[in-house]
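Each remark here refers to the structure printed beneath this line.
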Amino acid sequence: MPRVKRAVIHLKKRRKLYKKVKGYKGNRKNTIRLGRVASLKAGVHAYVDRRKKKRTFRALWQIRIGAALAETGFSYSKFIGALKAAEITLDRKVLADLAANHPEVFAKIVAELKK
């Protein structure tokens with residue numbers, strides 16, 4: 001049976017790994033064994049945090065809407081309930097943007113709900 005030489009494949013895999021872990025601290029950046037573990041863990045954290053980002057932004061939008069409502073005397077929960085009752089289908093992202101960048105439009109929405 002002929003001898004298998006794997007130098008090219010091994011070097012390609014190593015270069016790919018080193019490119020991924022460039023910038024890491026300690027031996028994680030220049031050893032295969034530690035670099036592989038670090039790369040896997042980084043991938044896991046990236047996956048989880050892509051889902052966490054959605055939660056974080058929703059919380060931020062709720063805070064922005066609540067802050068804009070504090071001046072009007074409406075509570076956040078009553079505001080959302082009134083929106084649903086009035087069948088206004090603006091989501092929290094749009095409402096938060098209106099509250100931050102277009103307060104006059106947001107005030108009109110609140111005035112409409114108070115009627």
Side-chain angles (χ1 to χ4, degrees):
M1 182 170 265
R3 178 172 164 230
V4 177
K5 296 182 174 184
R6 298 190 46 214
V8 175
I9 294 168
H10 178 70
L11 286 171
K12 270 187 180 177
K13 282 176 97 169
R14 185 168 27 158
R15 265 190 229 116
K16 187 176 162 187
L17 177 68
Y18 287 159
K19 193 174 178 186
K20 236 192 246 184
V21 297
K22 185 178 180 180
Y24 287 13
K25 288 183 178 181
N27 282 344
R28 309 167 95 205
K29 68 178 174 287
N30 55 15
T31 57
I32 294 173
R33 189 177 290 181
L34 294 176
R36 189 178 298 134
V37 171
S39 171
L40 280 171
K41 280 191 172 244
V44 168
H45 288 300
Y47 178 84
V48 169
D49 288 340
R50 279 195 299 274
R51 274 118 197 103
K52 267 192 202 166
K53 184 168 72 170
K54 293 159 184 58
R55 288 179 235 158
T56 309
F57 269 103
R58 186 177 170 103
L60 175 68
W61 299 330
Q62 290 172 349
I63 290 166
R64 284 185 178 165
I65 293 167
L69 287 171
E71 302 162 0
T72 63
F74 238 134
S75 73
Y76 174 79
S77 59
K78 293 230 167 85
F79 176 73
I80 294 296
L83 276 176
K84 295 212 189 295
E87 294 181 0
I88 297 174
T89 57
L90 292 173
D91 61 358
R92 285 161 181 81
K93 181 179 180 180
V94 172
L95 287 168
D97 184 54
L98 288 174
N101 300 322
H102 307 286
E104 62 283 346
V105 177
F106 187 76
K108 285 181 183 176
I109 294 170
V110 172
E112 183 68 33
L113 293 176
K114 280 192 172 181
K115 288 181 183 174

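Since this is a predicted model, take the numbers as computed values, not measurements. Atoms considered below: every heavy atom in the structure, side chains included; atoms not considered: hydrogens, waters and symmetry mates. In this chain, numbering begins with 1 at the start of the sequence shown.
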F79 and T72: CA distance, side-chain angles, deciding distance, side-chain contact (heavy atoms from CB on, under 4.5 Å) verdict: CA-CA 10 Å; F79 176 73; T72 63; over 6 Å; no
Return all side-chain donor-acceptor pairs below 3.5 angstrom for residues 26-49, not counting sequence neighbours, or 'none' if the list is empty.
from, atom 1, to, atom 2, distance (Å)
K29, NZ, G26, O, 3.1
T31, OG1, N27, O, 2.7

Non-hydrogen atoms of A82 and F74 that approach each other most closely: CB-CZ, 4.4 Å
Just how far is it from atom [atom1] of [X] to atom [atom2] of [Y], taken to the nearest 0.5 Å?
X: H102; Y: K108; atom1: NE2; atom2: NZ; answer: 12.5 Å
X: R15; Y: H10; atom1: CZ; atom2: NE2; answer: 10.5 Å
X: L17; Y: K12; atom1: CG; atom2: NZ; answer: 16.0 Å

Report, one line per pair, each donor and acceptor closer than 3.5 Å where one atom sits in a side chain of residues 84-92; sequence neighbours left out.
from, atom 1, to, atom 2, distance (Å)
D91, OD1, V94, N, 3.2
R92, NE, Y76, OH, 2.7

Residue that, paired with Y18, satisfies side-chain contact (heavy atoms from CB on, under 4.5 Å) out of K16, R14, K22, K20: R14
In residues 53-67, what donor-acceptor pairs under 3.5 Å come from side-chain atoms, sequence neighbours left out?
from, atom 1, to, atom 2, distance (Å)
K54, NZ, R50, O, 2.9
T56, OG1, K52, O, 2.9

